[in-house]
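Some notes on the structure that comes next.
All values derive from a computational prediction rather than experimental measurement. Throughout, a chain's letter reflects where its sequence line sits, starting with A, and its residues are numbered from 1.
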Amino acid sequence: MYHYDDYDRALVRERVAQFRDQVERRLSGELTEEEFLPLRLQNGLYLQRHAYMLRVAIPYGTLSADQLRALAHVASVFDRGYGHFTTRQNIQFNWIELEQVPDILEWLAEHDMHAIQTSGNCVRNITTEAFAGVAADEWLDPRPLAEILRQWSTVNPEFLFLPRKFKIALNASAEDRAAIQVHDIGLDVYRQQEELKLRVMVGGGLGRTPIIAKQLRDDLSWVDVLSYVEAILRVYNRHGQRDNKYKARIKILVKALGIDAFAEEVNREWEQIKDGPARLTLAEYERVAASFQRSAYAPLSSVDLEHGARLSQEPEFARWVERNVMAHKVPGYSNVVLSTKPGLAAPPGDVTAEQMRLVADWAERYGCGEIRVAHEQNLVLPDVPRRQLYALWREALEAGLATANVGLLTDVIACPGGDFCSLANARSIPVAQAIQARFEQLDYLHDLGSLSLNISGCMNACGHHHIGNIGILGVDKNGSEWYQLTLGGSQGQQAALGKVIGPAFAAEEVPEVIERIASVYLQLRRGDETFLDTYNRAGLEPFRVGVYQAEGAAT
Amino acid sequence: MINLIRLLEGGARIIEDDPWQLLCDDKTPVPSKAILPLQRWKHSQSEAVLQGHETSSQGVLLQPDDEPEALLDWLPVLTLIAIDFPSFRDGRGYSQAYLLRSRLGWQGELRAVGDVLRDQLAHMRQCGFDSFAVREDKSAADALKGLQGLSVFYGRSAIEPRPLFRRR
Ligand code: HEM
Ligand code: SF4
């Protein structure tokens, strides 16, 4: 992973001092709340339902074991003993005192971490997939480019007061696990005859107006990535809407101008700067990339008799391996997903300080000392030799991090919803947990196969409900909580937005409705079709009928 | 203008006797050292100024919707350009300043006016402003402290066109 140098460290430290001063001025009344607001947001500090919430950056979701321990320390000393991993691959602490924030940031800075630009109308955390650098289907590690973009966008003076927040994601694998098509800019990195190229997508996003990104160009050279993104940002900063918060995202500008006119604007701007000093150098790429290089992998046999024996003797272990262990690009190694979705024991994404410390230890003992945060709100240990899987599984089981449900219905992605978020229309966590409880039976769950379920407590879509195969959106009807269901959403190369199935449901109906949807799927499924395949073939109608006819029959 | 900070000879100073007056309403007559919105400025200039033969005694104010490119023909006859920040959260002025300095070659005084506050001054400076009319209810002496900003700068800016990776 990337190692800070003196520049990075100095910047983060000076930034802490600057924010300490801003907090003092707020506390003394010198700064009004209105003046303080964008300053604190640019340092990841929200004012939420119960308390301040601090969002700490985990650039492209990569952490060292020591950094995870540092986060555990924040959770146990400054919060209530846990943290919440988010769909933006960051971590949030929900119970923070304003007075303590500078100390927390100082502690983080000592561990090469920060909360800069995790919120506010600026370029946010640059994200990529959790298996970057180790996925079996990847062309190359997207993280050096992500880090170069992170640096370039950090405290970039021209773009700190954009019309609205701005999210950039990169993918460099056959399968897109970073959901780049629902980002303001999505960069798809590929190799063409040894040259690194980028396909640039723009104007995707969820929220009130969900839109799949459009392709801006497909052959950008990697040396031009900074100037090209700069051109996009400048066009957006100058021409994006500012009078209406709901129309301020770049997707609305792209939609209003049309992609061709927008591309023309960007190109006109880019022509002026592309040969300037922002042009990347091989030396810089290699400097940053060197940080991410691993020491050579020890050659491991791709057959392991003991592992094979364990698989046949312990079906529970076999099931976990089937769902939670992902292919690695080097034979004999695996990437392990630690599920943070045990059901009633904890809300999706919540991890206790004690669990964080254990995961950090495992990363060192079984992996490469590195941990990833997946946008599905799980943790990933890359580089685990196959023969270590069993030992790791035993420990993870004990710690409540080995639920064998990755990619299954109970691997629910959920925003904090009404329990924590002041913008919510409805709660998310109890609904997620009620569904998890209903589908506890693992055989049934495994039979359903890959099926993503996403829940958001309001139309801001922090739980990415539009791109869940099943999406659940909390809506308010005359002051009570209702849930609107969508079907057929998906992320990845074939990104699609879900379609509304019909009238909304009360909270207690939701698990039953999900079960009806599942049984329609099981009836319709042909061969090994996934839920999404079946939906795409059969359409919404049979599901609608299955859900609402049963509804009618029951009442 | 009161509460004015200017960068001069490498340092920053509070200016007590700045002659410029920002004129956004329709007051006539126009004082000679007025800063006028673009349309108004155009209307009050002589033909010689508009033809680029004579220096304008008035400054021009760019509002967020204005295109800095519209000033191209008059840059040689202007002595001051002000950029309006109707709210400190409106970031269009940063791009306008950057374009004026880096693309259009403006070298005269570039002044931030409007909702200009201490915590934004360093960013404004990076984008090429060299004079700052701090909001009148705030202390300019205090705002001066905000000008420094951070010592590390990754990207490029109007005053440092090379990104850090070319300066390492
Ligand atoms: C608890 C405090 C939070 C607040 C106040 C908040 C606020 C918002 C708002 C207002 C939007 C809509 C933005 C827009 O469309 O312009 C949004 C979108 C989003 N937020 Fe949050 N959020 C919070 C927590 C979270 C959490 C915990 C996550 C991750 C689990 C998250 C991830 C996202 C994502 C992925 C989007 C969708 C952005 C898009 O593609 O358009 N947020 N949030
Ligand atoms: S989707 Fe709504 S309820 Fe959920 S975290 Fe985002 S803003 Fe809050």
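The contact between A:Leu39 and chain B is made entirely by side chain atoms (from C-beta outward), counting heavy-atom distances below 4.5 Å. In this structure, no portion of B:Pro86 lies under 4.5 Å from any heavy atom of chain A. Contact annotation for B:Asp142: only side-chain heavy atoms (C-beta onward) come within less than 4.5 Å of a heavy atom of chain A. If you measure heavy-atom distances from B:Lys138 to chain A, the contacts under 4.5 Å come from the side chain alone. No part of A:Asn121 comes within reach of chain B, as not one of its non-hydrogen atoms sits under 4.5 angstrom from that chain. Looking at A:Glu284, only its side chain comes within 4.5 Å of chain B, counting heavy atoms on both sides. Contacts between A:Ile148 and chain B at a heavy-atom distance below 4.5 Å are absent for every atom of the residue. Looking at B:Leu117, only its side chain comes within 4.5 Å of chain A, counting heavy atoms on both sides.
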* Yes or no on side chain to side chain contact (heavy atoms under 4.5 Å, CB included) for A:Gln18 and B:Asp119, after CA distance, side-chain angles and deciding distance? -> CA-CA 9 Å; A:Gln18 189 181 54; B:Asp119 295 287; 5.5 Å; no
* To do: Show the numbers, then the answer: is there a side chain to side chain contact (heavy atoms under 4.5 Å, CB included) between B:Ser95 and A:Phe159?
  => CA-CA 8 Å; B:Ser95 284; A:Phe159 304 125; 4.1 Å; yes
* I would like to know whether A:Glu158 and B:Arg156 meet salt bridge (Lys or Arg N to Asp or Glu O under 4.0 Å); could you show each step before the answer? => CA-CA 10 Å; A:Glu158 192 182 339; B:Arg156 52 96 211 101; 3.1 Å; yes
* Given A:Glu35 and B:Gln120, is the side chain to side chain contact (heavy atoms under 4.5 Å, CB included) satisfied, shown in steps? -> CA-CA 11 Å; A:Glu35 290 159 9; B:Gln120 283 74 44; over 6 Å; no
* Between A:Leu280 and B:Phe165, is a side chain to side chain contact (heavy atoms under 4.5 Å, CB included) present by the stated rule, with each step listed? -> CA-CA 8 Å; A:Leu280 272 171; B:Phe165 68 80; 3.9 Å; yes
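A 6.0 Å sphere centred on CD of A:Glu110 holds more than 12 heavy atoms belonging to other residues, nucleotides or ligands.
Between B:Arg166 and A:Arg279, the closest side-chain pair of non-hydrogen atoms falls below 4.5 Å. The side-chain heavy atoms of A:Ile273 and B:Arg103, taken from C-beta on, include a pair separated by under 4.5 Å. Between B:Tyr98 and A:Pro157, every side-chain heavy-atom pair lies at or beyond the 4.5 Å cut-off.
Using a cut-off of 4.0 Å between Lys/Arg side-chain N and Asp/Glu carboxylate O, B:Glu69 and A:Arg238 are scored as salt-bridged.
Below 30°, between 30° and 60°, or above 60°: for A:Phe161 and B:Phe88 the angle between ring planes is above 60°, a perpendicular geometry.
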